[in-house]
Amino acid sequence: MTKGNINKLLIANRGEIAVRIIRAARDLGIATVQVHSDADTDSRAVQMADEAVNIGPPQAAKSYLDVSAILKAAAETGADAVHPGYGFLAENADFADAVEAAGLVFVGPSGDTIRLMGDKAAARAEAKKAGVPTVPGSDGVIDDMDVAADLAAQIGFPVMIKAAAGGGGRGIRIARDTAEFRSLAPQASSEASAAFGDGGIYIEKVIERARHIEVQVLGDGKNVVHFFDRECSLQRRRQKVWEEAPSAALSDEVRDELCRSAVALATAVNYRGAGTIEYLYDDKSGDFYFIEMNTRIQVEHPVSEMICGTDLVAQMIAIAGGAALQSTQDQIRRSGHAIEVRLNAEDPANNFMPFPGVVGELLTPDGPGVRFDHMLYPGYAIPPFYDSLLGKLIVWADDREAALRRLKRALGELRIEGLPTTAPLFEALLESDDLRCNEVHTRWLETWLEENPELIAQQGGKAL
Amino acid sequence: MATHEIKSPIPGTFYRKPSPDQPPFKEVGDTVSKGDTVGIVEVMKTFHEIKADAGGTISGFPIGDNEPVMAGQPIVELD
C-alpha cells in the first residue's frame with residue numbers, strides 16, 4: 001500500500017484509537033504527531049508517537065475539541081495530515097473544512113459530506129434517493145396534528161414521536177394507538193418548543209425487536225467498495241458492547257442486498273474514506289431500514305478487518321494521501337467469523353459505575369486468532385475525563401461457534417488488575433443460550449441484565 | 001478556617017451548576033443541610049450528584065466550576 005502524499009500525520013484523538021492510528025501510520029512509513037491534554041501526558045499513544053504536543057487542560061473542550069490548538073500543533077511540527085479518529089472532532093464538518101483551509105489533508109470525507117450525512121433529514125432523503133429503504137415515517141417535520149395522526153395510523157402503530165431539534169434520545173415518545181398519539185404528540189411538540197426553541201416533530205415507525213446491522217464501506221471519492229456487515233445488537237444505554245462480523249442473522253441474499261444498498265448510498269455522495277451505513281434489521285419480515293451513516297472509522301472496525309484480512313485504518317490514510325482504492329469489490333473476500341468485546345473501566349457488579357483506577361498487573365491474551373487493541377500498561381492511571389473504553393478484545397475463528405470458544409479462551413487469559421472492567425459481563429454472556437444461538441435484538445442485553453444480576457455478581461467476584 | 005470539608009468521592013470534572021445555563025446549586029454564604037446537592041462530578045462521561053455529608057454555612061469552593069477534581073479532594077468548605 002502506498003502512503004500517498006502524507007509524510008507526517010497528526011492524531012487528533014486519544015486512547016486506544018490513537019494507538020491504532022499510530023500503528024497504521026508506522027506500517028505505511030508515515031511519521032506521527034500525537035496531540036494530548038495534560039491528563040494524557042503518560043498515555044501509551046504519547047509514548048509511542050514520534051512527537052507529542054500538549055494542547056491544553058484535561059477537559060476535552062479545552063484540548064481535544066480545541067481546533068486552533070490542534071492546527072497550531074500541526075503547523076509547529078510540520079504535520080501534513082490530520083486523523084480525527086472517532087468521537088471528538090471526527091464528525092465535525094467545520095473541523096474538516098478548517099484542516100483543509102490550513103493546507104492540510106483531513107483523513108476522512110469532505111466537510112460537505114460530513115455536513116450532509118450529519119443532518120438526519122438530509123441523510124434520510126439521500127438514502128431514499130439512492131434506493132435505500134428508510135424507516136417508514138413522515139418526510140420531515142409536521143405541524144398539523146390531524147395530518148400527523150392520519151399518517152401515524154397509515155404507518156402503523158407503535159410509532160415514535162421525535163423532536164426535530166432533539167438528539168441523543170431526548171424528546172422521544174412512543175404512541176401505541178391513535179388516542180395515545182393525539183395526547184402525546186402535542187406534549188412532545190410543546191416540550192420540544194420549550195427545550196430546543198423548535199416545536200417541530202416528526203414520526204417514525206417503531207421496529208420492535210430489531211437487530212442493529214451495519215455495513216463497512218471505503219471510498220476514494222470515485223469508487224466505493226464494502227467490507228461486508230457487522231452485527232452490533234448487544235447494546236446497553238444505546239452503547240454497543242459486543243460486535244460480530246458477519247451477522248449470523250442474515251441470509252446470503254439479504255446480505256448481498258444490504259451491502260449493495262450501502263455502496264449505492266456512499267457512491268451517490270462520492271464518498272471518500274472509511275464510513276459505516278447503519279441499519280435496523282427486522283428478523284421476522286427480513287426488511288432492513290437505513291438509520292444513519294457514520295462518516296469516520298468506528299470502534300468496531302477490527303471485526304471487519306479480521307474477516308477480510310485488511311487494514312482499514314491504513315487504507316483510509318492512503319486514500320487521504322491521494323491513493324485510489326487498492327481492491328475492487330470482487331477482490332474483497334470474507335472468511336470465518338470475528339467477535340469484538342469492549343473492555344470498559346466500569347464495574348458491571350455495581351450498575352456499570354465508571355472506575356478510573358490505576359492498572360496493576362496486566363496479562364494480555366494472545367495466540368491464534370486473538371487481537372487486543374488497547375491503551376493499557378502496568379501502572380497506568382486511567383484519566384477520569386474521557387470515555388471508559390480501555391480496549392477491545394477481538395477474536396477470529398472459522399465459524400461463530402469456534403469464535404465463541406476462542407473468546408472464552410482469550411477472556412480466560414486476560415488479567416487486568418487494579419480496576420474493575422466489563423470482562424466479567426462477557427464471561428457471563430458466553431453462558432447465555434440466547435446469545436449462543438444469536439437470538440438477540442437491540443433491547444435484549446438490557447432485559448438480560450435485569451433478569452440475571454446474580455450472574456454478573458458471581459463473575460465479578462471471581463475476577464476480583 | 002473551614003470546620004468541615006465536603007469531598008468528592010470520585011475523580012473527574014467538578015460542576016457547580018446543574019447545566020451550563022443554570023445558576024449554581026449553592027453560593028458562598030448559603031446554608032446547606034445534610035443531603036443537599038452541592039455539585040456534580042462528571043467521571044468518564046457519566047454525571048454524579050455530590051450531596052452534602054453535613055450541614056453548615058458555605059465558606060468556600062476550593063475547586064472552580066468546570067475544573068478537574070481528584071477523588072478525596074475537598075470541593076466545598078463549611079463553617
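Quick caveat, the model's predicted, so the values are computed rather than measured. Naming convention: chains lettered A, B, ... in sequence-line order (proteins, then strands); numbering from 1 in each chain.
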request  = Quick one: closest heavy-atom pair of B:M44 and A:P383, and the distance?
outcome  = CE-O, 3.7 Å
request  = Decide if atom NZ of A:K72 counts as having more than 12 heavy atoms of other residues, nucleotides or ligands within a radius under 6.0 Å.
outcome  = no
request  = May I ask you to check whether over 12 heavy atoms, not counting those of B:K45, lie within 6.0 Å of atom NZ?
outcome  = no
remark   = Of the listed B:I10, B:V69, B:N66, the one with the largest count of heavy-atom pairs under 4.5 Å with chain A is B:N66
note = Note: vs chain B, highest number of non-hydrogen pairs under 4.5 angstrom among A:A345, A:P58, A:P354 is A:P354
inquiry  = So which atom in A:F385 and which in B:G12 form the shortest heavy-atom distance, rounded to 0.1 Å?
reply    = CE2-O, 3.3 Å
key: Side chain / backbone / both / neither for A:L389 at chain B, heavy atoms under 4.5 Å   = neither
ask   = Is there a donor-acceptor pair under 3.5 Å between the side chain of A:Q59 and the backbone N or O of B:T13?
value = no
